[in-house]
K.L.:
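Below is a structure I'd like to ask you about.
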Amino acid sequence: RMEDRTHKVFDPEDIARMKEVQLYREPLLERRKRISDWRKKIEKQRNSDLKNLEFEWNQLMGVTGSADGYFNADSIPVRAGRGARQYNWLRIGGAFAMNSITDIGRPVMVHGLHRTLRDAWVPLFTNLKGLRMVGKELRLASAVLETTLDTRIRSMADLTDEFRPTSKFERASTALANNFGIISLLSPWNHAMKTMAGLVQHTRIIEIAEKVATNKKVKKQDLTDLAQLNLDQSHLREIWEQVEKNGERVKGLWVSHTDKWDNTEIQEVFRNSLRKGVDTVIVTPGIGDRVPLLSTNMGKMIGQFKGFSLASVNRTLIPGLQKRDMGVFNGMALSTAMGSMIYIMRQQINNREIDWDTRTLIREGVDRSGNLAFFGDIHALLDKLTRGVVSLYGGPQLSRYAGRNAVDALLGPTLGGAYQMSSLLGSASTGEWTQTDTSRSRRMLSHNNVFYASWLFDGIENAANKSLNISERR
């Protein structure tokens, strides 16, 4: 009876249709699920983008980040953190000028060997008048102001956040840090390298603008490179119009005379492109290169001096891999050769034996060249922590981290310096002080590794060991 009643209510054909409807409904439900998943992904990406935008805005406004929000720039933790980073800069930054010799290869990587020699190095020896005139244009564009603003040094040393010294000690440390770029010769070097890069960039933009305006053939790569500087073909035509009207050639070197341009909008576009081009070639970390985690007060202390290698990933490594032309190869080879030369000079200054084996020179050159960007730092760190066991190159341990302890290499110079101080205190307390401890205590002094003053600190170290009859190194 139950079966009969069921058949009266539900005809078998109706049941079959219901099954068909269910089969039709399943794809709709699956599609709805996929749409829901897409919506969640889009929402997640939107929230991430808004968070990054808020982070960059706060960085632009000089607000110091923390894990829970944002600290006041005048708070004790932020001031102490900045003081620690200033101290680290004074005791470590003396070697940066010598390490920056590899910058010579950067214009070659971006613009090619021929253009770099023609537009930068030849005018340096044959056309000082034209060089000074283009240098003025670069200063008007705020592209080359290193001896005044130290933009690159502040970015490299994580000293870019706004700070108002409130005590005599803070005023003194800030003054020392601000002037250290001149003392270490890093500021003049950065100024010179940015001028060389700006010379090539200035001439290249004008030459391509002339070709576009006169409907001559232009290489696709040239247009792509200028598009990365926010210059399209309409901009280039307007730039050439102004250069043709106001510019001049001085012994073959273009001088744009932007101060005479009547189109202020294109003047601003041109100057912005010069500034961006120079900061890309001679890597100057910007706000967009900062990692949020390393922008907190503690993150800055752990990741101090790492902003340069992080910025190099987007400005050096990835563009080089994408272009894959002879200029990139020549620039990398030149930077590697300069890195090998740095290794030789550093070994001589530190009174260490130089390994003249070709493989060692290449290994050290690649490590110091900066061509591997942040991945080179990771490799050098692993090489240090494993004492050369984990190494892509093979052979002995790299020299770059030879004078640094494992805590310094892993957790940054602030915590590494604290560990070093505790070790020295222990040696002094137990009476087990050796010449190794004297050398380590020297490295804690401000200005100790300015290359041209190394003889002075060597003399002080040797005199201290001799006068105090300190035992040999352990």
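This chain uses plain numbering: 1 for the first residue, then up along the sequence. This one's a predicted model, so the numbers in the text were calculated from it and none came from an experiment. These values consider heavy atoms only, across backbone and side chains, with no hydrogens, waters or symmetry-generated copies.
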K.L.:
Regarding Q420 and D408, is there a side-chain donor-to-acceptor distance under 3.5 Å anywhere?
P.N.:
no

K.L.:
Any ring pair (Phe, Tyr, Trp, His ring centres under 6.0 Å) involving residues 333-356? Give me the pairs, sequence neighbours left out, ordered by first then second residue.
P.N.:
none

K.L.:
Quick one about D158 and Q304 (side-chain donor to acceptor, distance below 3.5 Å, no hydrogens or angles considered), yes or no?
P.N.:
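Per modelled atom types, Q304 and D158 side chains form no pair under 3.5 Å.
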
K.L.:
Apply side chain to side chain contact (heavy atoms under 4.5 Å, CB included) to residues L223 and L236 and explain how you reach the verdict.
P.N.:
CA-CA 10 Å; L223 294 176; L236 294 173; 4.2 Å; yes

K.L.:
Does one side chain, of T203 or D119, offer a donor that lies under 3.5 Å from an acceptor on the other?
P.N.:
no

K.L.:
Please determine, by modelled atom types, if N272 and R275 share a side-chain donor-acceptor pair under 3.5 angstrom.
P.N.:
yes

K.L.:
Which one of E364, R352, R368 satisfies the side chain to side chain contact (heavy atoms under 4.5 Å, CB included) criterion with R346?
P.N.:
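Checked E364, R352, R368 against R346; only one passes side chain to side chain contact (heavy atoms under 4.5 Å, CB included): R368.
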
K.L.:
If you apply the rule salt bridge (Lys or Arg N to Asp or Glu O under 4.0 Å), what do you find for D222 with K211, and how did you get there?
P.N.:
CA-CA 11 Å; D222 288 336; K211 290 181 180 179; 5.4 Å; no

K.L.:
Does the separation of the ring centres of F270 and H202 fall below 6.0 angstrom?
P.N.:
yes

K.L.:
Yes or no on salt bridge (Lys or Arg N to Asp or Glu O under 4.0 Å) for R118 and E207, after CA distance, side-chain angles and deciding distance?
P.N.:
CA-CA 13 Å; R118 184 196 66 183; E207 288 182 344; 3.0 Å; yes

K.L.:
Establish, from distance only, whether the side-chain atoms of T284 and K194 form a donor-acceptor pair under 3.5 Å.
P.N.:
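Distance-only check passes for T284 and K194.
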
K.L.:
Should the ring pair W89 and F180 be called parallel, tilted or perpendicular, given that the plane angle runs from 0 to 90° and is split at 30 and 60?
P.N.:
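The arrangement is perpendicular - the two ring planes meet at more than 60°.
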
K.L.:
Looking at W240 versus W261, is the centre-to-centre ring distance below 6.0 Å?
P.N.:
no

K.L.:
Indicate the atoms forming the closest heavy-atom contact of M133 with H257, along with that distance.
P.N.:
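Scanning both residues, the minimum pair turns out to be CE-CE1, 3.6 Å.
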
K.L.:
Which atom pair, heavy atoms only, marks the closest approach of I206 to S256?
P.N.:
CD1-CB, 4.1 Å

K.L.:
Test D279 against R152 for salt bridge (Lys or Arg N to Asp or Glu O under 4.0 Å), laying out the working first.
P.N.:
CA-CA 9 Å; D279 286 347; R152 193 182 190 212; over 6 Å; no

K.L.:
Where do S184 and A97 come nearest, in terms of heavy atoms and distance?
P.N.:
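Where S184 meets A97 most closely, the heavy atoms are O-CB, 3.3 Å.
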
K.L.:
Are T258 and E137 linked by a side-chain donor-acceptor pair shorter than 3.5 Å?
P.N.:
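Yes, a side-chain donor-acceptor pair sits under 3.5 Å.
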
K.L.:
State whether a side-chain donor-acceptor pair under 3.5 Å links S100 with N190.
P.N.:
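Note: S100 and N190 side chains miss the donor-acceptor criterion.
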
K.L.:
To check you understand the geometry: which heavy-atom pair defines the closest contact between P413 and R91, and what is its length?
P.N.:
O-NH2, 2.8 Å

K.L.:
Looking only at the side chains, is there a donor atom on one of D262 and Q242 sitting less than 3.5 Å from an acceptor on the other?
P.N.:
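Result is yes, a qualifying pair exists.
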
K.L.:
Classify the side-chain pair R154/N178 by whether it contains a donor and acceptor separated by less than 3.5 Å.
P.N.:
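There is such a pair between these side chains.
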
K.L.:
Does one side chain, of D225 or Q221, offer a donor that lies under 3.5 Å from an acceptor on the other?
P.N.:
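Note: D225 and Q221 side chains meet the donor-acceptor criterion.
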
K.L.:
Can you name the closest pair of heavy atoms from I153 and S187 and give their distance?
P.N.:
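In this case the closest contact between I153 and S187 is CD1-OG, 3.2 Å.
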
K.L.:
Taking NZ in K323 as the centre, count heavy atoms belonging to other residues, nucleotides or ligands within less than 6.0 Å. Is the count above 12?
P.N.:
yes

K.L.:
Do the side-chain N and O atoms of S439 and R443 include a donor-acceptor pair separated by under 3.5 angstrom?
P.N.:
yes

K.L.:
Locate the shortest heavy-atom distance separating S335 from T102; write the atom from each residue and the value.
P.N.:
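Minimum heavy-atom contact is OG-O, 3.3 Å.
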
